[in-house]
Student: 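Can you keep this structure in mind? I'll have questions shortly.
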Amino acid sequence: MWKRMASLSPLVSSSKSTLLNQAAYGFNIRKSLSTGISTPVKHGTMLKEKTPFITFVLGGPGSGKGTQCIKIAQTFGFTHLSAGDLLRREILSNSEYGTMILDTIKEGRIVPSEVTVKLIKKTIESSDNYKFLIDGFPRSEENRIAFEHIIGVEPNVVLFFDCPEEEMVKRVLNRNEGRVDDNIDTIKKRLKVFSSLNLPVVNYYSKRGKLHTINAVGTVDEIFEQVRAVFSVCEAMK
Ligand SMILES: Nc1ncnc2c1ncn2[C@@H]1O[C@H](COP(=O)(O)OP(=O)(O)OP(=O)(O)O)[C@@H](O)[C@H]1O
Ligand SMILES: Nc1ccn([C@@H]2O[C@H](COP(=O)(O)O)[C@@H](O)[C@H]2O)c(=O)n1
Ligand SMILES: [Mg+2]
């Protein structure tokens with residue numbers, strides 16, 4: 001929490017980042033960020049001592065990735081990194097990439113992998129945890145390959161929240177967090193990107209036997225029971 005509030009402080013002093021931030025979030029900045037990194041981040045050496053346990057969390061817009069990640073992190077002690085939240089935070093931080101990221105998110109397109117992977121790497125390196133849930137990543141084959149090259153590891157588990165388009169659209173339009181991409185035009189674009197760029201990644205991990213498909217229709221608790229079953233059998237995490 002300390003780190004999260006600290007990262008918001010440039011908002012107060014920079015009119016550029018304030019404008020970008022307002023454009024990205026509307027009036028609900030802190031609420032949107034609440035699905036960000038759920039474990040306090042400290043400088044640590046855990047990664048050097050213990051092999052990281054990486055879970056990629058995939059699914060279309062509004063399929064419930066963030067909602068379930070919060071529960072997984074609480075129940076199984078993961079650090080939750082949402083790629084989308086890292087990018088939105090980058091917009092707030094007066095980064096040289098802020099405008100580009102905002103425009104890309106508004107259009108529902110994918111930010112260049114190097115930018116996203118560097119943000120993920122920085123967060124992993126600054127954590128003393130070794131179990132990471134990487135939510136909304138990889139969104140494309142380019143994302144996946146960049147992660148393998150830059151981070152140098154493959155995921156242990158890949159979750160895929162499988163949800164009908166109609167349900168995803170309904171959830172996103174009801175989300176009410178002031179996100180700049182929660183409107184029908186951007187959702188349509190995001191759904192196209194999901195089919196053309198995200199699904200090949202889902203298929204890739206399916207072929208490699210790493211994919212766990214979760215039926216994302218039902219109550220949050222019903223869906224979490226399916227997720228729990230996946231992690232309960234992961235002896236390596238204990
Ligand atoms: N099982 C569920 N039933 C009904 N609503 C849900 C369910 N799970 C999540 N939601 C709601 O749907 C909306 C989208 O959920 P969430 O933000 O977790 O999706 P997401 O996959 O992270 O989406 P995005 O990719 O756009 O970030 C939220 O308002 C959330 O409260
Ligand atoms: N790997 C990623 C993840 C996200 N984006 C961009 O952020 C938008 C919002 O992502 P959510 O996971 O919070 O829905 C997404 O539509 C992309 O524009 C990305 O580029 N790469
Ligand atoms: Mg999300």
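Throughout, residue positions are numbered sequentially from 1 according to the sequence presented. Counting convention: from 1, in listed order, for ligands and their atoms alike.
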Student: Between the side chains of S113 and N143, is a donor N or O closer than 3.5 angstrom to an acceptor N or O?
Tutor: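 Yes, side-chain donor-acceptor contact under 3.5 Å.
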Student: Any side-chain donor-acceptor pair under 3.5 Å between D181 and T186?
Tutor: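 Judged by distance alone, the side chains do not pair up.
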Student: Hey, is R144 close enough to E141 for a salt bridge, meaning N to O under 4.0 Å?
Tutor: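 Between E141 and R144 there is a salt bridge, with a charged N closer than 4.0 Å to a carboxylate O.
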Student: Mark up the atoms of ligand 1 that fall under 4.0 Å of a heavy atom belonging to I223, in ascending order.
Tutor: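 Near I223, meaning under 4.0 Å from one of its heavy atoms, ligand 1 has 1 (N).
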Student: In plain terms, say whether E166 and K170 are close enough for a salt bridge, that is, a side-chain N and a carboxylate O under 4.0 Å apart.
Tutor: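 Result for this pair is no, no salt bridge flagged.
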Student: Under 4.0 Å, counting heavy atoms only: does G62 come that close to any atom of ligand 1?
Tutor: yes
Student: Could you tell me whether ligand 1 has any atom less than 4.0 Å away from a heavy atom of N174?
Tutor: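 No.
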Student: With heavy atoms under 4.0 Å as the rule, classify the contact between R179 and ligand 1 as side chain, backbone, both or neither.
Tutor: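 Side chain only.
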Student: Please identify each residue that fulfils side-chain contact (heavy atoms from CB on, under 4.5 Å) with V227, with sequence neighbours left out.
Tutor: Q68, I72, L159, F161, I214, F224, F231
Student: Just to verify, what does E107 make a side-chain hydrogen bond (donor to acceptor under 3.5 Å, both in side chains) with, not counting sequence neighbours?
Tutor: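 Counting only residues at least two positions away or on another chain, E107 forms a side-chain hydrogen bond (donor to acceptor under 3.5 Å, both in side chains) with K189.
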Student: Non-hydrogen atoms closer than 4.0 Å to ligand 2: which protein residues do they belong to? List them by chain and number, please.
Tutor: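 Lining ligand 2: A83, G84, L87, R88, T104, I105, R109, I110, V111, G136, F137, R139, N143, R179, D181, R190.
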Student: Going by the atom numbers of ligand 1, which of them fall below 4.0 Å from some non-hydrogen atom of R190?
Tutor: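 Answer for ligand 1: 24 (P), 25 (O), 26 (O).
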Student: Do any heavy atoms of S82 fall under 4.0 Å from ligand 1?
Tutor: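 Under 4.0 Å: no for S82.
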Student: For F78, does the six-membered ring have the charged nitrogen or CZ of K131 within the cation-pi criterion, i.e. under 6.0 angstrom from the centroid and within 45° of the normal?
Tutor: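 Yes, cation above the ring, under 6.0 Å and within 45°.
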Student: Atom 6 (C) of ligand 1: which of M168, E222, R171 has the nearest heavy atom?
Tutor: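 Considering heavy atoms of M168, E222, R171, the nearest to atom 6 (C) of ligand 1 sits in R171.
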Student: Salt bridge between R175 and D182, side-chain N to carboxylate O under 4.0 Å?
Tutor: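 Salt bridge flag = yes for D182 with R175.
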Student: Mind checking whether F147 and F137 have parallel, tilted or perpendicular rings, split at 30° and 60°?
Tutor: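 F147 vs F137 ring planes: tilted.
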Student: Name the option, out of A83, C163, S63, G218, that contains the heavy atom nearest to atom 1 (N) of ligand 1.
Tutor: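 Ranked by closest heavy atom to atom 1 (N) of ligand 1, first place is G218.
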Student: With clusters built from Ile, Leu, Val, Met, Phe, Trp and Tyr whose side-chain heavy atoms come within less than 4.5 Å, directly or transitively, what are the remaining members of the cluster of I145, listed by chain and number?
Tutor: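 The other cluster members (ILVMFWY side chains, heavy atoms under 4.5 Å, direct or chained): none.
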